[in-house]
Amino acid sequence: MTIHAPKPAIGLDNVPAAETTLSHVDGERGELIIAGRHVGELVHEGGYEHATALLWSAASGKPISAEEVRRALADARVAVFADIKRLLAGTDGMDSIAAFRAALAALHPRDGIAPRVLATAAAAVIAAALVRKERKLAPVAPNPSLGHAADYLQMMRGHNAPTDKEAAAMDAYLVTAIDHGLNASTFAARVVASTHADLFAGVTAAYCALTGPLHGGAPEPVLDMLDAIGTRERIGAWIEAELDRGDRLMGFGHRVYRVRDPRADVLKAALERFNPSNRRLAFALEVEAAARAALAKRKPDRPLDTNVEFYTALLLDALDIPRAAFTPTFAVARIAGWTAHIEEQLRRGRLLRPSSVYIGAMP
Ligand code: ACO
């Protein structure tokens, strides 16, 4: 017996699974709209707390101001820090990516703190404490008078508050990465929320999806790639050899964008504002140009351009964030988006339950 079915899009390309007011990705025009703003505008508008307030207001239908978000996150960072020993218990011997997953999974509801606030604050406190743990240093308490981005850097470094320029660069990254349509991790969050499991289950599932190199795990390999290429003379040969082996160039290509990922340029501009003479930038620009040319030649029918991860790697590296913390830092940004999608799913969505195409034997 043959099963006749219309040719499905395996991988769910272009299959809508939700209606959302949170963000929109236009892959043909290379546009990302977050809560009604182009990402390049949002980054200059009012910081991570402002962007979070826009998303949480849209998701819940109950307006919340940037100032309320700022205060709630600051208080919650302090509350989470008081629990940091318990959260990190059991992470010994794990690398930072796995340890972050374990600590996030150890969150549970707390009286007086909204779950979305608790999860978002916890991501920064945990990620910073794990950087210090890796360096065999004690965690550093949050400073609630700082904004979320500045406090993340302060908790990680353990000395005085970061400079305004450093805080602005970190903030630009957090805003740029805050939300991005129904990417794999956000979809994972919505699937879990659609079963009415709690928010902590949803963000943990989302983070697990983020850790793979086809999604949020790419920036660390981007720097490894730049290191492996090493010198200008080796760029062309290295790229050709990589592609000959059938390997992918990290930081290039995207499921939705058929043109350049708009976040790449937002982050490139943030890096140029922060440190125009960044030691890696000139070399990275040459690698980028060569990679785009090689990909265009090999895949003329499949536009493959720079994605967000290429400049994420350069910006986070310029901020002295260790490579192992890149994926947790992505989660520190994206978790506000995940929590908004979870709330929106609960308000408007239904159980997400796609189908599969059976290609096995029939009885
Ligand atoms: N380098 C070389 N070849 C590539 C690349 C790349 N970066 N990206 C895609 N291709 C090739 C594929 O090998 C495939 O070739 P084939 O048709 O001969 O098999 C073709 O282009 C189409 O690739 P798909 O796998 O269909 O593309 P998809 O939409 O599934 O993948 C993805 C998108 C996962 C991002 C892919 O481009 C990739 O692996 N990029 C490198 C990793 C990366 O940068 N990840 C971060 C993505 S951004 C984010 O999620 C936050």
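Whatever order the structure lists ligands and atoms in, that order sets their numbers, starting from 1. Each residue takes its place number in the sequence, starting with 1.
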Students should be able to answer this: which protein heavy-atom is nearest to atom 39 (O) of ligand 1, and at what distance? Arg248 NH1, 2.8 Å
Would Glu309 count as being in polar contact with ligand 1, using the rule that some N or O on each side must be under 3.5 angstrom apart? no
Ligand 1 versus Asn183: contacting region, heavy-atom distance under 4.0 Å: neither
Presence of salt bridge, Asp305 and Arg258, under 4.0 angstrom: no
Does a salt bridge link Glu343 with Lys62, judged by any charged N lying under 4.0 Å from a carboxylate O? no
Is it true that Phe310 lies under 4.0 Å from ligand 1, counting heavy atoms only? no
For Leu315, is there any backbone N or O sitting under 3.5 Å from a side-chain donor or acceptor partner on Asp317? no
Asp75 with Arg70: basic N within carboxylate O range, under 4.0 Å: no
How far is atom 2 (C) of ligand 1 from its nearest protein heavy atom, and which residue and atom name does that atom have? Leu295 CD2, 3.5 Å
In terms of residue, atom name and distance, what is the protein heavy atom nearest to atom 22 (C) of ligand 1? Arg302 NE, 3.5 Å
Flag Val308 as yes when one of its N or O atoms lies below 3.5 Å from any N or O atom of ligand 1, and as no otherwise. no
Salt bridge or not for Arg71 and Glu68, using N-O below 4.0 Å? no
For atom 35 (C) of ligand 1, the protein heavy atom that lies nearest, with its residue and separation: Gly253 O, 3.7 Å
Decide whether Ile97 and Leu210 are clustered together by the hydrophobic rule: side chain heavy atoms of Ile, Leu, Val, Met, Phe, Trp, Tyr closer than 4.5 Å, transitively. yes
Would you say Gly251 has any N or O atom under 3.5 Å from an N or O of ligand 1, going by distance alone? yes
Report the nearest protein non-hydrogen atom to atom 46 (C) of ligand 1: residue, atom name, distance rounded to 0.1 Å. His215 O, 3.2 Å
Relative to the heavy atoms of Pro213, which atoms of ligand 1 are at a distance of less than 4.0 Å? 42 (C), 43 (C), 45 (N)
Should Asp95 and Arg101 count as an ion pair when the cut-off is N to O under 4.0 Å? no
Contact region, Ala184 to ligand 1, non-hydrogen atoms below 4.0 Å, reads neither
Taking 4.0 angstrom as the limit and counting only heavy atoms of Ala218, give me the atoms of ligand 1 inside it, by number and element. 43 (C), 44 (O), 45 (N), 46 (C)
Shortest protein contact, atom 9 (C) of ligand 1 (heavy atom only): Leu304 CD2, 3.6 Å
With a 4.0 Å cut-off, would you call Glu309 and Arg263 a salt bridge? no
Report the nearest protein non-hydrogen atom to atom 17 (O) of ligand 1: residue, atom name, distance rounded to 0.1 Å. Lys299 NZ, 4.3 Å
Tell me, please: is Val256 in heavy-atom contact with ligand 1, that is, under 4.0 Å? no
Atom CG of Asp164: over 12 foreign heavy atoms under 6.0 Å: no
Can you confirm whether some protein heavy atom lies under 4.0 Å from atom 19 (O) of ligand 1, or whether none does? no
With clusters defined by side-chain heavy atoms of hydrophobic residues (ILVMFWY) lying less than 4.5 Å apart, directly or transitively, does Leu104 cluster with Val125? yes
Enumerate the atoms of ligand 1 whose separation from the nearest heavy atom of Leu243 is less than 4.0 angstrom. 2 (C)
Taking heavy atoms and a distance under 4.0 Å, where does Asn307 meet ligand 1: side chain, backbone, both or neither? side chain
Over 12 non-hydrogen atoms of neighbours within 6.0 angstrom of CZ in Arg245: yes
Measure the acute angle between the ring planes of Tyr207 and Phe100, then classify it against the limits of 30° and 60° as parallel, tilted or perpendicular. tilted
If we check side-chain contact (heavy atoms from CB on, under 4.5 Å) with Arg280, which of these qualifies: Asn275, Leu271, Leu223? Leu223
At a 4.0 Å threshold, what atoms of ligand 1 neighbour a non-hydrogen atom of Arg255? 28 (P), 29 (O), 30 (O), 33 (C)
Looking only at protein heavy atoms, what sits closest to atom 40 (N) of ligand 1 is Phe252 O, 2.9 Å
